[in-house]
J.: 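My questions will all concern the structure given below.
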Amino acid sequence: MRNTPLRVIGIAMALLFLAPVARAQSQAPKVRAAEDGLALTPPMGWYPWNEFGQEPQNEKLIKEIVEALISSGLKDAGYVYVGPDEGICFSRGADGKLTSNLARYPSGLRGLGDYIHQPGLKYALYTDAGARTCSKAMPGTEDHEFEDMAAFAAWRTDYLKIDWCNTQGLAHLSLQVRNVGRDDLDVAQAYAKLRDAQLAAGRPIVFSLCSWGVGEPWKWAASVGHLWRTTGDICSPGKASWSKAMKNTAANEKLYAAAGPGHWNDPDLLINGMDGLSETQNRSFFSLWCMMAAPLMASNDLRKMTASTIQTLTNREAIGIDQDPLGIQGHIVRREGQAEIWAGKRLFDGSQAVLVYNAGTAPAEVHVTWSDIGSTESAALYVRNLWTHRTTGRHRGGLTVTVPPSDVALLRISKSRAFPLPPVIVADSYWLSFRAPGPGAQKLTGTITVKTTGSDELPLWKVRPGLPSWLSVAVTKHGKSQTLSNTVSTAGLAKGLYHAVVRADNIEPVSGLPMSALYYDVDLEVSGAAGGHADR
Ligand code: GLA
């Protein structure tokens, strides 16, 4: 088609409007998760620190927690990352390499990882950017960044928290760049080096930065990792503190603009189920974390949970707010006396999450108006209470809620009565291990089952091309479950060990957004076969 003058002016005007947008985009920090597809919703799992601190952590504890995670239903609700925190797991050998502490973890750190992967969970570990970890019981990564990240990859780690204790020795890094606050510079450069080391190690790992807000990571860390602590510790081990939890909430709330798919503000591990919290506080705390799209890393003793703790931690409707694929962090839009009205959290189906938290000591009667959620007052909307699981409406103009002290009303407000849940993925195995005894071509098969607890079925998982020639994967769907059938062919393979990481991608059916990528390991041991070569 020929360009008429009018059309040319139209294009020129469009370019004029687009120019600032394009400039803004090119200046926008790169988001690491855009490439690895990890943690596109806030990570969910369990870390021991809040309840246990360092001393009682060992292989037996982690294995018992894995059993409890599965039997309590937490795994099915989406809690998948699990492992020791500063659990005195490794030391540095004379050769500079990390070695597992076999006295505490007799299977070694790779063995512990295999145990965790077997039932379809993901493996989380911990280290520090400085010379030693916080208690000084373990070596930090300073000056060993590349070899340590290679060790974490070899242990098959899927999630790594990197603390910021004993980092004085890293100050020299700040000499290389100008115009950045000294703290910011040290922290940003040290963590960027660790990111580079992780990328060099070649394993997809969720990177959890833990500088407790030092260096203001919300300004730069989206290109480095997937989540960053915004605050100091939420409690001392074993001592849940409501006032510290509220302090962390207040600090984290202000940073809402920095959060999004694959880059999250982290106000610390959950304190749900710990001694000293009432049932009301447990519910309110969980609601606040969900409203802030915070990582949901439980940190209580899963082996002795009350029915009420389990009910709170597995409330799928609340989890659906946290795991919403748009990844918006809600914030306080208005205060009425001691009551806070949290909104600004549009969800994937066009509905809105609203939280009323009563920080006062007397019951609060609060009128939530439709203008609080950016809607016209004349709209007729349904309201779903995510703790009573009741829908009312349609309401016009707003809704009045009465909230007891320290309690919440966690609501979802929508034009439609449907209130669909976003997908939360549960897998039956993230690790397949094959053995081909003796020579000769053989075909071996193994499956990974993935199910969603969301309202809608998912499209077929798409396996990324580039698998080694000995492995092929086919996907089939049975409603909300899908099977990834793995076929291993040993024809032409030499004796040896083979390993592949499979990546599959999917999109969220309502919003069409990409979902966190699914990764799993496939191991093959060929003993005694002849010919071919190892393509590890
Ligand atoms: C720091 C972190 C905690 C925990 C301890 C371990 O304090 O903030 O979450 O990992 O270190 O020593």
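Atoms within a ligand are numbered from 1 in the order they appear, just like the ligands themselves. On a predicted model such as this, the values are computed, not experimentally measured, just so you know.
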J.: Which ligand 1 atoms, with their elements, are less than 4.0 angstrom from a heavy-atom of C210?
T.: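 So the atoms of ligand 1 that pass are 2 (C), 8 (O).
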
J.: So if I count the atoms of ligand 1 from 1 in the order they appear, which ones are less than 4.0 Å from some heavy atom of W212?
T.: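 Selected atoms, number and element: 1 (C), 2 (C), 8 (O).
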
J.: Considering only the protein, which heavy-atom contact is closest to atom 6 (C) of ligand 1, and what is its distance?
T.: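 Ranking protein heavy atoms by distance from atom 6 (C) of ligand 1, first comes E86 OE1, 3.2 Å.
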
J.: Answer yes or no: is there an ion pair linking D266 with K161, defined by an N-O contact shorter than 4.0 Å?
T.: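 No, D266 and K161 are not salt-bridged.
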
J.: How close does the nearest protein non-hydrogen atom get to atom 11 (O) of ligand 1, and which residue and atom is it?
T.: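 The answer is D163 OD2, 2.7 Å.
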
J.: May I ask you to say whether R203 pairs ionically with D521, meaning some side-chain N is under 4.0 Å from a carboxylate O?
T.: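 D521 and R203: salt-bridged.
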
J.: List every atom of ligand 1 that sits less than 4.0 Å from any heavy atom of W49, numbering the atoms from 1 in the order shown and giving each element.
T.: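 With W49 as reference, the close atoms of ligand 1 come out as 3 (C), 4 (C), 5 (C), 6 (C), 12 (O).
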
J.: Taking the non-hydrogen atoms of Y126, is any one of them nearer than 4.0 angstrom to ligand 1?
T.: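 For ligand 1, residue contact (heavy atoms, under 4.0 Å) with Y126 is present.
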
J.: Have a look at ligand 1 and work out which part of S135, if any, has a heavy atom under 4.0 Å from it: side chain, backbone, both or neither.
T.: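 Neither part.
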
J.: Between K63 and E67 (salt bridge meaning N to carboxylate O under 4.0 Å), is one present in this structure?
T.: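 No.
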
J.: Does only the side chain of K161 get under 4.0 Å from ligand 1, or the backbone, or both, or neither? Count heavy atoms.
T.: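 The answer is the side chain of K161.
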
J.: Can you name the side-chain contact (heavy atoms from CB on, under 4.5 Å) partners of E279, sequence neighbours left out?
T.: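 Partners of E279 by the side-chain contact (heavy atoms from CB on, under 4.5 Å) criterion, ordered by chain and then number, come out as R283, S308.
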
J.: What is the closest protein heavy atom to atom 7 (O) of ligand 1, and at what distance does it sit?
T.: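 Checking every protein heavy atom, the shortest distance to atom 7 (O) of ligand 1 gives D233 OD2, 2.7 Å.
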
J.: Heavy atoms only: give me the nearest D128-I162 pair and the separation to one decimal.
T.: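 Where D128 meets I162 most closely, the heavy atoms are C-CG2, 3.7 Å.
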
J.: So N252 and T230, side chain to side chain donor-acceptor pair (under 3.5 Å) or not? Walk me through it.
T.: CA-CA 6 Å; N252 196 69; T230 54; 2.7 Å; yes

J.: Only heavy atoms of D85, strictly under 4.0 Å: list the atoms of ligand 1 that pass.
T.: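 Counting atoms of ligand 1 from 1, those under 4.0 Å from D85 are 4 (C), 6 (C), 10 (O).
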
J.: Is it the case that the side chain of E317 and the backbone of H389 share a donor-acceptor pair, with hydrogens and angles ignored and the cut-off at 3.5 Å?
T.: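 Answer holds: no.
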
